[in-house]
Every structure is written in C-alpha cells, then in structure tokens.
**Student:** 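Supplied in structure tokens, the structure appears directly below.
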Amino acid sequence: MSKQIQPVRGMNDVLPAEIGAWQHLERVARAVFDAYGYDELRVPVIEHTELFQRSIGEYTDIVEKEMYSFQDSGGTGLTLRPEATAGIVRAAISNGMLRGARHKLWCLGPMFRHERPQKGRYRQFYQFDLEAIGFPGPDVDIELIALSARLWRALKLTRVRLTINSLGSMESRASYRERLQHYLRSHDSELDEDSRRRLGGNPLRILDSKQPAMRALIEGAPLLTEYLDPESQAHFAALRSGLDALGVAYEVNPRLVRGLDYYSRTVFEWVTDALGAQDAVCSGGRYDGLIAQLGGEPTPAIGFAIGVERVVELLTLAGGVPPAAAPEVYIVVNGERAEREALRLAEQLRDALPGRGVLLNLGGGNFKTQFRRADRSGARLALILGDAELDRGVAGVKPLRREDGQIDCPLDELPARIASFL
Ligand code: ATP
Ligand code: MG
C-alpha cells in the first residue's frame with residue numbers, strides 16, 4: 001500500500017456526524033439575517049496581498065505572521081483571505097456599489113490564518129460576516145448588536161456576554177497614540193520583542209497582546225476612553241443607551257482595542273466562558289475610514305464576524321442541535337426483475353414525498369441484511385418488493401417503529417397512499 005496522505009495541520013474535515021450542528025446554525029442565522037434585511041454575497045477566497053496589508057494593517061498579528069501569501073505562476077502576489085471585511089469592501093468598490101448607496105451584506109466562508117492550531121483555533125476556519133455599509137450610526141450599531149443578541153437567543157446559547165468600547169475618531173486616536181507611546185517608552189524594559197517593534201508603528205496593538213508577562217504593563221496604560229473626541233463620546237453614549245433601551249446587556253471594557261487597524265468608534269466582542277482560552281465567538285466594529293483608504297468614496301460602515309467552529313462547539317455543548325431527519329422509507333428488494341422495478345418505484349415515491357428520504361437497498365444482500373440496514377437507517381417504513389410481490393402487482397408494507405404486521409398495497413396505489421402509511 002502507498003503511504004497515506006495526511007491532512008494539512010490546522011485544517012479540519014467536517015464529517016456527516018458533525019454537519020447537523022453546522023446546518024442548524026446556518027438555517028437559524030439565515031433567518032435572523034433575513035429578519036434585519038441583510039443580503040448574502042459571495043466573494044473570492046483569494047485576493048491581492050496588498051488588499052490585506054492596506055486594510056488590516058502592517059503591525060498586526062495577521063499581516064505580520066499569519067497570512068498564507070504566495071505568488072501565482074504569473075508572479076502576482078496573492079493571499080488566502082484571513083478575514084472577510086477587506087474582500088467585501090473591495091467588492092463593493094470594484095462593483096460600483098457605493099455612490100451614496102447603502103448595503104446590508106452577509107457572507108459565509110472559510111478564512112485562513114497560520115496560527116498555532118489548538119482547540120477552537122485553526123488554520124482554516126469559517127466565519128459568518130455581516131457588514132452594514134453607508135450607515136454612520138449609532139442606530140445601525142445598536143441594531144447590528146441586537147441582531148447578534150437575537151442570534152444567540154434563537155440558538156438558545158446563554159453562556160455568552162457582550163463587551164463594548166469606543167476607539168474614537170482617527171484624530172482622537174492619534175493624540176492617544178502619542179500619550180501611549182510616551183507611557184510605553186518609559187517602561188521600555190518591560191516590553192517584549194513584538195511590542196518593541198510595534199511601539200513606533202502601531203502602539204495600540206500592544207494593548208491587544210495576549211502575553212501574560214505584558215499584562216501588568218497593559219493594566220497601567222492610559223485609557224483610550226479618556227481621549228475620545230466629543231462626537232465619538234456622543235456616539236458611544238447613544239450606543240449604550242440604545243442597547244439599554246433594547247435590554248441588551250453589555251459591559252464596557254476600556255481595554256478592548258481589537259486586532260485589526262481599521263476600526264474606529266464602536267468595537268465589540270461576544271465572549272464565552274465555555275470554551276477555555278479561545279473565548280471570542282463574535283467580534284466586530286465600525287470602520288469609517290477603511291473604504292476611502294482602499295480607494296472608494298468615503299463611506300461609513302460597521303460589521304462583525306462570527307467564528308463558526310466556536311459557535312458549533314457551544315451548540316454541541318449546550319445540546320442545542322436538533323437530531324438529523326431520518327429517512328421515511330427503506331425499500332427491501334429480492335430478485336432481478338424486482339431490482340429494476342424498485343429503482344422506478346423509488347423515483348415515484350420521491351415524487352410523492354418531496355424532501356423526505358426514500359432509500360433503496362443497493363448492492364443486494366439477503367432479507368436479514370437488508371432489514372438490518374433498514375433498521376439502522378432510522379426509516380419508519382420498509383417496503384418489500386420481491387419477484388413474488390411483483391407477480392401479484394403489490395409491495396409489502398411493514399412499519400419499522402410500530403408493532404403492526406406487514407400488509408400488501410397495490411403498486412399503482414402506493415405513491416398516493418404512501419403518506420398514509422407513515
Ligand atoms: P482571537 O482573539 O481568538 O484570535 P481574533 O480577534 O483574531 O480572535 P477576529 O479576527 O475578530 O478574531 O475574527 C472573528 C472571530 O473569528 C473570532 O471572534 C473567533 O470566533 C473567530 N476566529 C478567529 N481566529 C480563529 C481561528 N484561528 N480559528 C477559529 N476561529 C477563529
Ligand atoms: Mg487572532
């Protein structure tokens with residue numbers, strides 16, 4: 001035998017046994033997104049590397065060390081998307097969708113980051129992404145967060161809580177940045193290597209560091225909140241009172257800065273205590289400067305991303321996944337003529353029972369084997385079609401989940417009567 005090919009580290013197969021949770025999440029999420037008027041779009045998994053460098057920012061973990069970047073055979077620098085916002089904004093610009101228009105968009109798909117794989121942290125993972133483009137807020141900020149809260153309710157997930165913050169305008173961030181640089185420089189000896197590199201370029205990133213050794217330093221840093229410009233203060237106050245009015249509970253975390261450069265004003269994160277260290281299940285924020293930065297006309301926008309694997313894990317832990325639908329009918333066959341006829345009968349029954357499972361025994365087997373397969377399939381009804389039944393123009397009908405005995409039903413009446421046997 002040849003050597004087995006291994007899966008790529010950090011990239012998962014979602015097997016049929018697990019897919020029920022994914023499908024449940026997708027169904028519920030689509031219904032919630034519909035309820036708020038978000039439209040689905042699909043954008044490529046590969047973009048020009050420059051798109052991510054210019055949007056996410058040079059001094060971020062993603063751009064510094066997590067991107068899957070390569071040159072194609074034509075020498076073009078490309079990257080497997082590490083997140084979806086940049087690609088969606090690129091699509092809105094490329095397709096001439098801005099021009100003062102407003103869009104509510106969502107997208108589902110895989111993202112790629114070269115991180116250290118562990119539970120809840122993979123190199124290919126899925127995100128739901130929502131973006132509201134052309135809305136200055138704070139009304140849309142409130143509505144978008146209410147949407148996420150509704151999604152958790154619809155999924156019956158209770159172990160999630162919301163933290164929010166405001167990063168202010170680009171200008172107020174600039175003055176805070178200087179203040180923070182000053183503070184960090186005066187504690188130079190406590191900085192790790194990453195932080196030293198970021199000090200000049202983007203000191204805010206340092207606040208996002210997950211290094212335990214940096215914790216005390218970060219705790220002592222001046223707060224961005226104290227540098228907010230008046231408009232951002234008013235925006236943030238309106239966000240808080242809007243959430244209060246809707247009964248959406250939150251906690252203000254003045255140290256929440258988020259790991260991407262493009263955010264301004266509102267940022268938020270939903271975290272859980274049920275998944276250990278990988279506790280963020282949904283994160284997002286406002287990015288009023290990004291679209292202009294990528295060459296589109298200045299357009300305010302806000303969005304968030306949900307980590308699908310982490311939500312699937314929460315759903316599974318909470319036992320909130322409805323069982324998969326079993327097939328309704330399993331057709332047991334015996335004899336060459338019956339096998340041919342059974343293929344036709346199965347098609348007729350699939351017409352009569354749209355969307356419900358009609359399984360035909362394939363690949364032969366004696367009655368005992370076939371009934372065992374029928375039982376394992378979860379089907380409620382077995383139909384028995386042998387050459388003897390065929391000669392009489394009937395099929396045997398045998399309930400599998402009740403004690404009733406087998407009866408005969410004329411073949412030409414079966415499609416019309418099948419529902420009454422179930
Ligand atoms: P984290 O702090 O866990 O690294 P992040 O801030 O990098 O998250 P975002 O870039 O905001 O995450 O992505 C949005 C969501 O995508 C996260 O809240 C999380 O649920 C999920 N996510 C991010 N990175 C991964 C990953 N490597 N594997 C699985 N899910 C991920
Ligand atoms: Mg990360």
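Just so it is clear, the structure is predicted and the values come from calculations on it, not from any experiment. Every number for a ligand or one of its atoms is a count from 1 in the order of the listing. One-based numbering along the sequence shown.
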**Student:** Examine Phe33 together with Phe128 and report whether their ring centres are nearer than 6.0 Å.
**Tutor:** yes
**Student:** For atom 22 (N) of ligand 1, tell me which residue out of Phe112, Tyr263, Phe125 has the closest non-hydrogen atom.
**Tutor:** Phe125
**Student:** Between Thr266 and Asp141, do the side chains contain an N or O donor and an N or O acceptor separated by less than 3.5 Å?
**Tutor:** yes
**Student:** I want to know if ligand 1 touches Ser283 in the polar sense, i.e. an N/O pair below 3.5 angstrom.
**Tutor:** yes
**Student:** Going by atom types only, do Glu131 and Thr85 share a side-chain donor-acceptor pair under 3.5 Å?
**Tutor:** yes
**Student:** If you measure from atom 14 (C) of ligand 1 to every heavy atom of Lys119, Gln127, Arg116, which option wins on shortest distance?
**Tutor:** Gln127
**Student:** Which atoms from ligand 1 have a heavy atom of Gly307 less than 4.0 Å away?
**Tutor:** 15 (C), 16 (O), 20 (O), 21 (C)
**Student:** Does a side chain donor of either Tyr330 or Asn361 reach within less than 3.5 Å of an acceptor in the other side chain?
**Tutor:** yes
**Student:** Only counting residues at least two apart or in another chain, list the ones meeting side chain to side chain donor-acceptor pair (under 3.5 Å) with Trp270.
**Tutor:** Ser148
**Student:** Does ligand 1 have any atom that is closer than 4.0 Å to a heavy atom of Glu83?
**Tutor:** no
**Student:** Counting from 1, what ligand 1 atoms have a heavy atom of Gly120 closer than 4.0 Å?
**Tutor:** 28 (N), 29 (C), 30 (N)
**Student:** If you take the nearest heavy atom of each of Arg310, Gln278, Arg123, which one is closest to atom 3 (O) of ligand 1?
**Tutor:** Arg310
**Student:** Pick, from Ala280, Ala305, Gly285, the option with the minimum heavy-atom distance to atom 20 (O) of ligand 1.
**Tutor:** Ala280
**Student:** Please could you name the atoms of ligand 1 that Cys282 approaches to less than 4.0 Å, counting only its heavy atoms?
**Tutor:** 18 (O)
**Student:** Any side-chain donor paired with an acceptor under 3.5 Å for Ser264 and Arg286?
**Tutor:** no
**Student:** Taking side chain to side chain donor-acceptor pair (under 3.5 Å) as the definition, give me every residue that meets it alongside Asp34, ordered by chain and number, with sequence neighbours left out.
**Tutor:** none
**Student:** To which of Arg113, Glu66, Glu309, Arg121 does the heavy atom nearest atom 9 (P) of ligand 1 belong?
**Tutor:** Arg113
